[in-house]
Amino acid sequence: MARVSVEIKDHIAHVTLTRGDKMNALDDAMVKAILAAAEEVAASDARVVVLVGEGKSFCAGLDLMSFMQMGKVDPEAWLMERSHADANEMQEVAMAWRRLEIPVIAALQGAVYGGGLQMALGADIRIAAPDARLAVMEMKWGIIPDMGGMVLLPKLVRSDVLRQLTYTATPIDGAQAEHWGLVTSLSDEPLAAAQALAAEIAGKGPTAIRAAKRMIEYAESGASQSEVLLRESAEQVKLIGKPEQMEVIAAQMQKRAPVFK
């Protein structure tokens, strides 16, 4: 049975985890389907992604059978191989969305635990229901977050918050997650809010949006001030005066939606 569906409409890729009867828990088939979905989106004409889980929960993390399998595999052989650039297959579940050249918006409801939370952290923006439950759950099972969490979490939350979340594995609700910086905003209808935001972004210059994501990633990478300033200028040179920017300006002057070819 398919684990993930991809539908692209009006330049928006709707990526849905479709294992709702299992709280979209991650098994090997789900992991491979998520990576395949990211590759499909990367090869498409989509300008923005909405990432969502069907049913009552976004993703409850690894399923119990996956935990049972851990005792039967060589962890070094499983985890140390860099199969996707600088990541292993499990880490790529989160990092694939951060690697995409276009923005990703995650709509969160219900359980957002462990690997599910780390996958959501790979998105650019997270919109959560107030009663969503988020947890860095790995310590409950005697392990640490290892699906990109230690790349993504320190960019969002204070060190003491990160430590409390990691050490305790205690779930928090959407309001606390927003206060601590894990989610961008709250909505009683997170999917509808994510779709509305995606439509707004899809209406912007697609080349400029991709340049903006590249620039933000570079600025957050630890590059020096002079390197960031130089990169700003280099990215801007690729945009100013080009047909896309001219269409944006014309649309603004004529009070209409831009049309990008």
Side-chain angles (χ1 to χ4, degrees), residues 17 23-26 31 34 51 53 57-63 66-67 70 75 78-80 82 84-100 103-187 190 194 213 215-224 228:
L17 311 181
M23 300 173 71
N24 298 309
L26 300 168
V31 167
I34 290 168
L51 179 61
S57 291
F58 175 74
C59 176
L62 291 184
D63 69 2
S66 295
F67 279 112
M70 285 183 182
W78 179 35
L79 298 177
M80 294 306 294
R82 305 294 94 180
H84 296 75
D86 56 356
N88 64 36
E89 184 178 65
M90 300 303 292
Q91 291 165 333
E92 192 68 4
V93 169
M95 300 309 296
W97 306 109
R98 187 52 58 97
R99 291 188 208 280
L100 280 182
V104 179
I105 306 166
L108 308 179
Q109 82 283 355
V112 189
Y113 292 162
L117 174 59
Q118 290 171 88
M119 175 167 47
L121 296 175
D124 297 74
I125 296 165
R126 286 158 295 284
I127 302 175
D131 60 354
R133 304 291 289 174
L134 296 85
V136 180
M137 187 63 79
E138 283 74 13
M139 194 60 65
K140 178 179 179 180
W141 306 106
I143 56 177
I144 63 168
D146 68 336
M147 293 174 62
M150 288 303 161
V151 171
L152 301 166
L153 280 164
K155 296 179 180 179
L156 295 172
V157 301
R158 301 190 319 254
S159 178
D160 57 334
V161 170
L162 171 57
R163 291 163 191 268
Q164 178 174 323
L165 289 169
T166 303
Y167 298 160
T168 67
T170 302
I172 59 173
D173 63 18
Q176 185 65 64
E178 182 190 33
H179 177 68
W180 275 346
L182 278 177
V183 302
T184 312
S185 61
L186 301 178
S187 173
K213 181 163 181 174
M215 191 64 239
I216 292 168
E217 290 293 317
Y218 186 74
E220 292 179 341
S221 70
S224 69
V228 172

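Because the structure is predicted, anything quoted here is derived from the model rather than measured.
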Quiz item: Do the side chains of Leu26 and Cys59 get nearer than 4.5 Å, heavy atoms only?
Solution: yes

Quiz prompt | Distance-minimising heavy-atom pair for Trp97 and Val104 | solution = O-CG2, 3.6 Å

Quiz item: Looking at Pro190 and Ala128, what are the two nearest heavy atoms and their distance?
Solution: CB-C, 4.2 Å

Quiz prompt | Closest approach of Ile127 to Ser187 (non-hydrogen atoms, all atoms of both residues) | solution = CG2-CB, 3.9 Å

Self-check item: Contact check, side chains of Arg126 and Leu156, non-hydrogen atoms, under 4.5 Å
Solution: yes

Self-check item: Non-neighbouring partners of Glu138 that pass side-chain hydrogen bond (donor to acceptor under 3.5 Å, both in side chains), sequence neighbours left out
Solution: Gln118

Self-check item: Straight-line distance of Ile144 CD1 to Tyr167 OH, nearest 0.5 Å
Solution: 11.0 Å

Donor-acceptor list for residues 105-115 side chains, cut-off 3.5 Å, not counting sequence neighbours:
residue : atom : partner : partner atom : Å
Gln109  : NE2  : Gly53   : O            : 2.8
Gln109  : NE2  : Gly55   : O            : 3.2
Gln109  : NE2  : Ser57   : O            : 3.3

Quiz item: Which atom pair, heavy atoms only, marks the closest approach of Leu186 to Gly174?
Solution: CD2-O, 3.3 Å

Exercise. Apply the test side-chain contact (heavy atoms from CB on, under 4.5 Å) to residues Met215 and Val228: give CA-CA distance (whole Å), side-chain angles for both, the deciding distance (0.1 Å), then the verdict.
Key: CA-CA 8 Å; Met215 191 64 239; Val228 172; 3.8 Å; yes

Exercise. Kindly compute the distance separating CG (Leu134) from CG (Leu165), expressed to the nearest 0.5 Å.
Key: 9.5 Å

Exercise. Kindly indicate whether the side chain of Arg133, heavy atoms from C-beta on, has any atom under 4.5 Å from the side chain of Asp173.
Key: yes

Self-check item: Closest approach of Met147 to Met90 (non-hydrogen atoms, all atoms of both residues)
Solution: CE-O, 3.5 Å

Quiz prompt | Within 6.0 Å of CZ in Arg82, more than 12 heavy atoms from elsewhere | solution = yes

Exercise. Drop me the distance from Arg98's CZ to Asp124's CG, to the nearest 0.5 angstrom.
Key: 5.5 Å

Quiz prompt | With Arg158 via side-chain hydrogen bond (donor to acceptor under 3.5 Å, both in side chains) - residues at least two apart | solution = Asp160

Quiz item: Run the side-chain contact (heavy atoms from CB on, under 4.5 Å) check on Val157 and Leu182 step by step: do they pass?
Solution: CA-CA 7 Å; Val157 301; Leu182 278 177; 4.0 Å; yes

Quiz prompt | Atom pair CE (Met137) and OG1 (Thr166), whose distance is rounded to the nearest 0.5 Å | solution = 12.5 Å

Quiz prompt | Interatomic distance, Leu62 atom CG to Trp141 atom CH2 [nearest 0.5 angstrom] | solution = 10.0 Å

Quiz item: In Å and rounded to the nearest 0.5 Å, what is the CG to NZ distance from Leu100 to Lys213?
Solution: 5.5 Å

Exercise. Give the intermediate values and the outcome of side-chain contact (heavy atoms from CB on, under 4.5 Å) for residues Gln91 and Met150.
Key: CA-CA 10 Å; Gln91 291 165 333; Met150 288 303 161; over 6 Å; no

Quiz item: Do the side chains of Phe58 and Leu51 get nearer than 4.5 Å, heavy atoms only?
Solution: yes

Quiz item: Heavy-atom distance under 4.5 Å between the side chains of Met119 and Leu17, does that happen here?
Solution: yes

Quiz item: Considering all heavy atoms of both residues, which atom of Ser185 and which atom of Glu178 are nearest to each other, and what is their separation?
Solution: CA-OE2, 3.7 Å

Quiz prompt | side-chain contact (heavy atoms from CB on, under 4.5 Å) evaluation trace for Leu152 with Met95 | solution = CA-CA 9 Å; Leu152 301 166; Met95 300 309 296; 4.1 Å; yes

